[in-house]
Amino acid sequence: MLQFSLQQVLPLETATKERAKSLLPGHAVVVPLPSDSPLYTREGVSHVIHVLGPNMNPQRPNSLNNDYTKGCSILRETYTSLFTGFLSIGTHDETVADISAPSSTYGKVTGDKSKLEGPTSKSWGSWAQALYHIAMHPEKHKDKLLEVLDDFVVLNDLYPKACKHLLVLARHEGLDCLADVHEEHLQLLMTMHAVGLKWAEKFLHEDSSMVFRLGYHSVPSMRQLHLHVISQDFNSNHLKNKKHWNSFNTAFFRDSVDVIEEIKNHGKATIKDEDCWLSMELRCHRCRSAHPNIPRLKSHISICQAPFPDALLENGRLVLAPKHN
DNA sequence: GTTCTAGAAC
DNA sequence: GTTCTAGAAC
């Protein structure tokens, strides 16, 4: 256990009292250490975070009178305040005096919101981390990888929705989805496209009747930016529901060529995240006929010979699609 | 992202 | 009978 002398603690106590006279349960206060504090000069401690948990002792202020539910709630706030305060140190030059815990929104704190607004991107469940782990540690997943490059890896989608379905996975930390992509990533997007195209061409060399599309989901379920390279047969037992179909056959699927153009022209990509795209009626991607359910749609697409619509053939959205008259 | 389940809908 | 949907869990 660390021991502090009075001399070490005094500057901290003064600095703390400047920030907050008292602290309510569930709240934290971040105190940057004064430059004359021995804790700072000798130990290199830059900040101290004070945090007050729930109190069940009737002899002390703010006793909860054995209200266990309220105690749990305040304990949750306490930890959130503590971690939010800790995050604010790394990401902002200045800290605010009192950080109170948000009850439901992640990353937001009271006080100077303009400086302390937390990450606005979505949070990811544990099951959404698989690609991230592969991107960060490809050496641990060699058996799954088709190609390993400095900036990308290529792998088969674990649940392919067509005969050929690859992912070109970016290895850059902090790049999780299209919303994170900006002008500085243009070269990266173009390289990902080139890598994906190379694989599509390799498959086309083996079977020239295949047709490929390269693109991103507007709002991916898995963390870490990944480009889908998918053949347009959609012949797969893993394609089971409307969401599967529509995520590759509505505007929810953003063609790589379009994303690159949008980044070039506007510095950001269009994101069609409305749920309506994923729950749209099922339509054949070739002849646009509607079908009542997935089994009927799949039996239709296995025989549909219609040419791909012009909108898909323009500007390389489809790779080596058959020409029609 | 997946699987499982229950209930509704066809 | 089958299929769809939503929710929960992982």
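Order of the sequence lines sets the chain letters (A, B, ...), proteins ahead of strands, with each chain counted from 1. These numbers come from a predicted model, not from an experiment.
Following rounding to the nearest Å, A/I134 (CD1) and B/dG1 (C1') show an atom-to-atom distance of 12 Å. Atom CZ in A/R296 sits roughly 14 Å away from atom P in B/dC10 (whole-Å rounding). Put simply, OH on A/Y132 is 18 Å from C1' on B/dG1, counting in whole angstrom units. The CG-C1' distance, from A/N241 to B/dC4, rounds to 14 Å in whole Å. Taking atom CG of residue A/L282 and atom C1' of nucleotide C/dT5, one finds them 13 Å apart after rounding to whole Å. Atom NZ of A/K240 is separated from atom P of B/dC4 by 8 Å (rounded to the nearest Å). Computed from coordinates, the A/W124 CH2 to B/dG1 P distance equals 10 Å when rounded to whole Å. Note: CE (A/M280) to P (C/dT5) measures 14 Å, nearest angstrom.
Under 4.0 angstrom from either OP1 or OP2 of B/dG1 there lies no side-chain N or O belonging to A/K161. Between A/H244 and the phosphate of B/dT2, there is a side-chain N or O to OP1/OP2 separation shorter than 4.0 Å. Taking 4.0 angstrom as the limit, A/K243 places a side-chain polar atom (N or O) nearer than this to OP1 or OP2 of B/dG1. Phosphate proximity of C/dT5 to A/K242: present, with a side-chain N or O under 4.0 Å from OP1 or OP2.
Annotation: side chain of A/I230 is in contact with side chain of A/Q232 (closest heavy-atom distance under 4.5 Å).
At a threshold of 4.0 Å, the pair A/E201-A/K198 does not count as salt-bridged, since none of the basic side-chain nitrogens sits closer than that to a carboxylate oxygen.
A donor atom on one side chain and an acceptor atom on the other are not found under 3.5 Å apart for A/H165 and A/S236. A/S209 and A/D207 form a side-chain donor-acceptor contact under 3.5 Å, judged by distance and modelled atom types alone.
Contact annotation for A/P295: backbone-only contact, meaning every heavy-atom pair under 4.0 Å involves sugar-phosphate atoms and none involves a base. Here A/I294 lies in heavy-atom contact (under 4.0 Å) with sugar-phosphate atoms only.
For the ring-ring contact (aromatic ring centres under 6.0 Å, His included) with A/F248, the lone residue among A/H217, A/H285, A/H238 that qualifies is A/H217.
Under the stacking criterion of a centre-to-centre distance below 5.5 angstrom and an interplanar angle below 30°, A/W127 sits stacked against the six-membered ring of B/dG1.
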